[in-house]
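Everything quoted here is computed from the prediction, not taken from an experiment.
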Amino acid sequence: MEFILNPFSITLLISGLLVGGLSVYITFTVEGSTRWIALTMLCAAIWGFFYGLELSVSTLEAMKLFIKLEYLGIAFIGAFWVIFSLKYTSYKSKNYRVLIAFVLATPILTYLLVLTNEHHHLYYQSFNISKLGPFPTASIEIGPWYYVNLIYTYAAFAMGLLIIWKRFRFSDQLFKTQTQLMLLAVLFPLLFNLFYQSGIFRPFEDIDLTPFSFLLSYLILGFAIIKYQLFNLKPIARNKVMEAITRGVLVLDSETKIVDFNPAFLALGIFPEKVKIATKAEKIFENKTDILKLIASGEANSIERNFTIGDTEKIFQIETIPLQDRNSVSNGLVLLFADITEQKSINEKLKKQAIELQQLNDLKDKYFSIISHDLKGPIFGIKELIHLTNSGDVSNEEFLDMLPEVSRNMEQVAHLLENLLAWSSSQLKGGEIVKSQDFDIHKTLVQQKGVLERIANEKKIEILIDARAKSNILADKNMIELVMRNLISNAIKFSNQGEKIRISTDDEEDFVKICIEDYGKGISTENLSKIYEGISFTTTGQNNESGTGLGLVLVKEYIQKNNGQMEVYSEEGKRTKFCIRLPAAHRDSTLS
């Protein structure tokens, strides 16, 4: 068999080998539906390669042999295209195998008819050699089944295109782009074939240009599949993942230009008008030096940054992920933006609550310690005194001499128990219920003076009340009584022998101001801060009177619960003045 190569045959042989090689490589290295587009390309390669051999021989027998081999590609190219379209669109059916068998039936029959054409002439009625051109070519008179195969091939390609187009015409842009590439890859050679079959375009009478167009189209398609993963789900999945990520994603190239971003980033509202493909990060984050430094480092890192979005101040965590190739050369950077405003607020609240809880826990431990000491001492002392009196070890006269000291101890115990019960009630779930009522603060002060006057008389302390306020107050009477009792008791405790305690009331707009002033040891700056912060502390009185530190905690808490205010003025070693403002009831009352 003699081969006489010409430009047509050489072009077909080289391109056929290239497309055939690409097709085989794709078939064995790529999974899924892409294998079937590779088999479609392989059919075009078989057709083109053996058509190139047909154009390089001059004998009838050799031409017939290569035509029979060409039809391995021609007969099955349409069928494989339909199967690819079904696979690519994930077509599901109970009768899927029957459908595939039906699709392959015509190509199989066509190929059998081509192989046995000499016996029935259904495909070619006659086969001759034409020597009108620059080299011998086959001159064929077409049989009826040729038209059947032609119609089947056109219908198969049209059906495949319709299946793909219907599936992806409303999908995202990436699917649409792939669909358009497939349309071009298929329609381009089909148009050539249509022009050839109809006689509209036959520059070389007996030379079919269809294999040339198929091979050119599929050569480009094959490189696109290998290089850019065309028809692969990976880029599509990437697109879907980008859309599904709730954090804002901004992808920069090695020159810090934007190459991609997701909808979540735009939704954050960080300069959305500036965010465009190919815009440099320096333009978007102008004057944001911390972010620009983060980008410039090119390393995995994260920072927190405040942004004003509209009228709202928001906090974002910005994380960078470097994009590097196999040689660790930087190709760009991924920036992840997360709105952590609410999270930060919750964390701050949790920290504050943890501190408050720790303080309460410390306070509880402290109070239990105080209870065990301050309650146990006096109670056990009384128990022992009674036991000694009963046993005769202590006479009645000695017992009576001890009673004033016992009384003082029991008063301290009673005061301690009152504060503990009030504090315990305030710490229960839901706290105490404030029952506001209209009452005369002057009467309350006189009453509390009477309760504590005996203790004051023991230290020869005079309590003076200067009631200038004409308004009643609106507050919880029991709470305010405890507040006044604690403040007056403290004033007595920290005053020297023979001093005076001055209590005054004044009207002040919507409040009644009550001030309690003593001239004792005063309060240190550190302890003044603790009073305002509601932190307990203990100090001994002028006669070493003990205390729990609980009283002032309750004072501050009860004043706040009654919508009041408290101010403390003190000079160490000189004086202390507590001034309380409580809501006025706006009703004149007669002072008594």
(request) Go through the structure and list residues passing side-chain hydrogen bond (donor to acceptor under 3.5 Å, both in side chains) with T256, not counting sequence neighbours. (result) E282
(request) Just jot down the side-chain contact (heavy atoms from CB on, under 4.5 Å) partners of L357, sequence neighbours excluded, or say none. (result) none
(message) So that I can tick it off, tell me whether D339 and K314 are bridged by a salt bridge, with the cut-off set at under 4.0 angstrom between side-chain N and carboxylate O.
(response) yes
(request) State plainly whether the residues E348 and K352 are in salt-bridge range, i.e. N to O under 4.0 Å. (result) no
(message) Evaluate T308 against E313 for side chain to side chain donor-acceptor pair (under 3.5 Å), listing each step before the verdict.
(response) CA-CA 5 Å; T308 303; E313 187 77 13; 2.9 Å; yes
(request) Taking side-chain hydrogen bond (donor to acceptor under 3.5 Å, both in side chains) as the test, write out the residues that go with S85, two or more places apart. (result) none
Which donor-acceptor pairs under 3.5 Å do side chains of residues 264-280 form with protein atoms, sequence neighbours excluded?
{"unit_1": "T279", "atom_1": "OG1", "unit_2": "K276", "atom_2": "O", "d": "3.0"}
{"unit_1": "K280", "atom_1": "NZ", "unit_2": "E255", "atom_2": "O", "d": "3.3"}

Show which side-chain atoms of residues 286-294 pair as donor or acceptor with protein atoms under 3.5 Å away, not counting sequence neighbours.
{"unit_1": "D290", "atom_1": "OD1", "unit_2": "R305", "atom_2": "NE", "d": "3.0"}
{"unit_1": "D290", "atom_1": "OD2", "unit_2": "R305", "atom_2": "NE", "d": "2.8"}

(message) Check E304 with K344, please: is the shortest side-chain N to carboxylate O separation under 4.0 Å?
(response) yes
(request) Mind checking ring pair (Phe, Tyr, Trp, His ring centres under 6.0 Å) for F578 and listing every partner two or more places apart, or none if nothing turns up? (result) none
(request) Would you indicate whether F102, at its atom CZ, is surrounded by more than 12 heavy atoms from other residues, nucleotides or ligands within a distance under 6.0 Å? (result) no
(message) Side chains of W36 and L86, heavy atoms from C-beta outward: is any pair under 4.5 Å?
(response) no
